[in-house]
Each structure stands twice: as C-alpha cells, then as structure tokens.
Amino acid sequence: MTGGPTEPSGLTGPTGPALSIVVPARNEAENLPLLAERIRAALCGWDYELVIVDDGSTDGTAEVAAALGHPVVVHRRAGPAGKGYALVDGFARSGGRIVCMIDADLQYPPEAIPVMAETVRSGAADLVVANRVRHDTRRVRRALSRVSYLVIQGLHGLNLDVQSGLKVIHRTVLDHVPLHPTGWALDLELLLRARAAGFVLAEHDIAFGRRQRGETKIRLGGASWQVLRNAVELKLVRPCPAPGRRPPADRRGARCRS
C-alpha cells in the first residue's frame, strides 16, 4: 500500500497516546538525536510517545535518550540481548492504541510513519509493513534478504517484506497474538499469527538507506540462520492456523493459540 502524506485525525488516545514508537537500541547514541528530531518533524499534530529500549548498550545510549526529554520513554532492559526480546519488552511498556516499531539506525525513513499509522487508524489495515523497494545496502545483504523472502513465500505464502524493521500495528493485534521471540526471529511469527487471527495486513513502499553512523549489530550469517530456522519451525513444529476472517470493527479477535 502506497500513498502520500495524509492529514492526521483523531490523534489522541482515550487514556494514552494515540501512537507509540518502539525503538530497540544497542549502542545507538550517535543516531538517537537525529532519529527523534525526524520523528518529531514527521509526526507534527500526532500525540505520540517514543519508547527507546536500551538493549545492553555501552556507549551511553540510555543517557542520550533520557536527555531528549518528552515524549521519550527510556527502558533499560536486562536479560539476553537481541532485537526480538527488546521489541517485545517495548511493546509491553508502550501505551498507544497504535504501535510502531522502527530500527534506530535511520536506514528506515521515519517520514513513512504517519501514512502507515493513518492506514491503521482508519481501519483500512491492522498491520502495515514497510516494503523496501529500493536498497542502498551491500549486495550480500540484498541477496540474503531475497533468499529469505523466497523461502518464506514458498513455505508460508506470505508476500510481504517480513524482516522489515519498520511496521505499524494496531494494539489489539499485539493483545491477541502470542509471540516467542529470539534474538532476531520475531517478525514472521507476528505476521503469520496476525493473519491466522483474521487481521488485515498491508504494505507501504519505502527506500531503505545505508547506515551513516555507528556499527551494524546484525551478523548476516547468524541472523539469516535464525530467520530461516524459525520459518521452518513455524511450518513444521509450531504451525499457525490457516488465515481466518477479519475480526469485527472493535477488533476483539479470537486469540491465536501458542
């Protein structure tokens, strides 16, 4: 799903912010100020919170995040490090009726968030995935992403950019979908279980940029193995039910079994 900027409407939640943006961050002190600035500019008029989950940083990420002030919420997590774990922690600590997840490295454009969030807010979809149609990244990473896409498409018939680090989700999806994250494997289970529960999935095209500051945390071999192993497990060991009907307008869908 694509489109230009939209005028926000109904942007304040009944008891909390309309939108929570969850950012898993490990040693991203250099990127957070610019990320927060771009989000603030993009979301002018939205009532939102920015939940930054410090995943064991050693470069002062949490301190830099805290200095950004309102509407930033900082959570320093303990336990095993990994993006999947950090996201689940961030989801649990966020209060918005709409939840966005975005990486801290600025490879995903924050400017895409309002259009994606409005798609969810309007009821046109329950979960929107940023589809990386242009990649300014290394050839090896593009090749591995393509292989993962083809494997997931073949196993699960899911024609979405599953591992995209920018997604916007209605809160009720997270309330009804059980997740079993690992360091890198979370996204496929989220999408499959949301589809099985009858929620509507959509996509929004973006350009995927190159990291400009800091060091990448992804180890392509290990991360790709986790993702592909998870894809096989979700097909053979922990299969999700077939796609169901969309829940009613109040989104009180039946919980997908774990």
Novice: At their closest point, which heavy atom of G90 faces which heavy atom of V51, and how far apart are they?
Specialist: O-CG1, 4.3 Å

Novice: To the nearest 0.5 Å, tell me how far L50 CG sits from L35 CG.
Specialist: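 Those atoms lie 6.5 Å apart.
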
Novice: Go through the structure and list residues passing salt bridge (charged side-chain N to carboxylate O under 4.0 Å, His left out) with R38, not counting sequence neighbours.
Specialist: E111

Novice: With sequence neighbours excluded, what pairs up with D54 under the salt bridge (charged side-chain N to carboxylate O under 4.0 Å, His left out) test?
Specialist: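 Salt bridge (charged side-chain N to carboxylate O under 4.0 Å, His left out) check on D54 returns nothing, list empty.
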
Novice: State, to 0.1 Å, how close S94 and V22 come at their nearest heavy-atom pair, and which atoms those are.
Specialist: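 Looking at all heavy atoms of both residues, the shortest contact is CB-CG2, 4.2 Å.
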
Novice: Which distance, rounded to the nearest 0.5 Å, do you find between the NE2 of H70 and the CD of E49?
Specialist: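 H70 NE2 to E49 CD: 9.0 Å, rounded to 0.5 Å.
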
Novice: Answer yes or no: is there a donor N or O on one side and an acceptor on the other, between the side chain of N131 and the main chain of D161, under 3.5 Å?
Specialist: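 No, the answer is negative, given that no donor and acceptor are paired below the 3.5 Å cut-off.
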
Novice: Is there a path of hydrophobic side-chain contacts, each under 4.5 Å between heavy atoms of I, L, V, M, F, W or Y residues, that connects F199 with F91?
Specialist: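 Yes, one cluster joins them.
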
Novice: Determine, for R76 against E63, whether the closest basic-nitrogen to carboxylate-oxygen distance falls under 4.0 angstrom.
Specialist: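 Yes, R76 and E63 are salt-bridged.
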
Novice: I'd like to know if L87 and Y85 are part of one continuous hydrophobic network [Ile/Leu/Val/Met/Phe/Trp/Tyr, side-chain heavy atoms within less than 4.5 Å].
Specialist: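 As far as the 4.5 Å side-chain criterion goes, L87 and Y85 are not connected within one cluster.
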
Novice: Drop me the distance from M101's CE to S164's OG, to the nearest 0.5 angstrom.
Specialist: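 Between atom CE of M101 and atom OG of S164 there are 7.0 Å.
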
Novice: Is a salt bridge present between K167 and D187, judged by a nitrogen-to-oxygen distance below 4.0 Å?
Specialist: yes

Novice: How close do D47 and P17 get, counting heavy atoms only, and between which atoms?
Specialist: OD2-CA, 3.3 Å

Novice: Give, for atom CG of L190 and atom NE2 of H180, the distance between the pair rounded to the nearest 0.5 Å.
Specialist: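 Answer rounded to 0.5 Å: 12.5 Å.
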
Novice: So, E118 and R121, do they make that salt bridge, N to O below 4.0 Å?
Specialist: yes

Novice: How close do R132 and Y108 get, counting heavy atoms only, and between which atoms?
Specialist: NH1-OH, 3.1 Å

Novice: Calculate, to the nearest 0.5 Å, the distance between atoms CG and CG belonging to L158 and L192 respectively.
Specialist: 5.5 Å

Novice: Which pair of non-hydrogen atoms, one from A81 and one from D55, has the smallest distance, and what is that distance?
Specialist: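 Scanning both residues completely, I find the closest heavy atoms to be CA-OD1, 3.6 Å.
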
Novice: When rounded to the nearest 0.5 angstrom, what distance separates CD in Q107 from CG in D103?
Specialist: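 Rounded to the nearest 0.5 Å, the CD-CG separation comes out at 7.5 Å.
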
Novice: Could you work out, with side chain to side chain contact (heavy atoms under 4.5 Å, CB included) as the rule, every residue matching D59, not counting sequence neighbours?
Specialist: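 D59 satisfies side chain to side chain contact (heavy atoms under 4.5 Å, CB included) with N27, A29, S57, T61 once adjacent residues are dropped.
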
Novice: Got a donor-acceptor contact below 3.5 angstrom from the S20 side chain to the V99 backbone?
Specialist: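 Between the backbone of V99 and the side chain of S20 there is no qualifying donor-acceptor contact (under 3.5 Å).
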
Novice: Are the side chain of H170 and the backbone N or O of T172 linked by a donor-acceptor pair below 3.5 Å?
Specialist: yes

Novice: With a 4.0 Å cut-off, would you call R211 and E28 a salt bridge?
Specialist: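 Salt bridge between R211 and E28, a charged N being under 4.0 Å from a carboxylate O: yes.
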
Novice: Are N31 and D105 close enough that a side-chain donor and a side-chain acceptor fall under 3.5 Å?
Specialist: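 Looking only at side-chain atoms, D105 and N31 do not form any donor-acceptor pair under 3.5 Å.
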
Novice: Taking the side chain as every heavy atom from C-beta outward, state whether V133 and I206 have any pair of such atoms under 4.5 Å apart.
Specialist: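 Sidechains of I206 and V133: no contact.
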
Novice: Please find the pair of heavy atoms, one from L155 and one from K235, that lie closest to each other, and give the distance.
Specialist: O-NZ, 3.1 Å

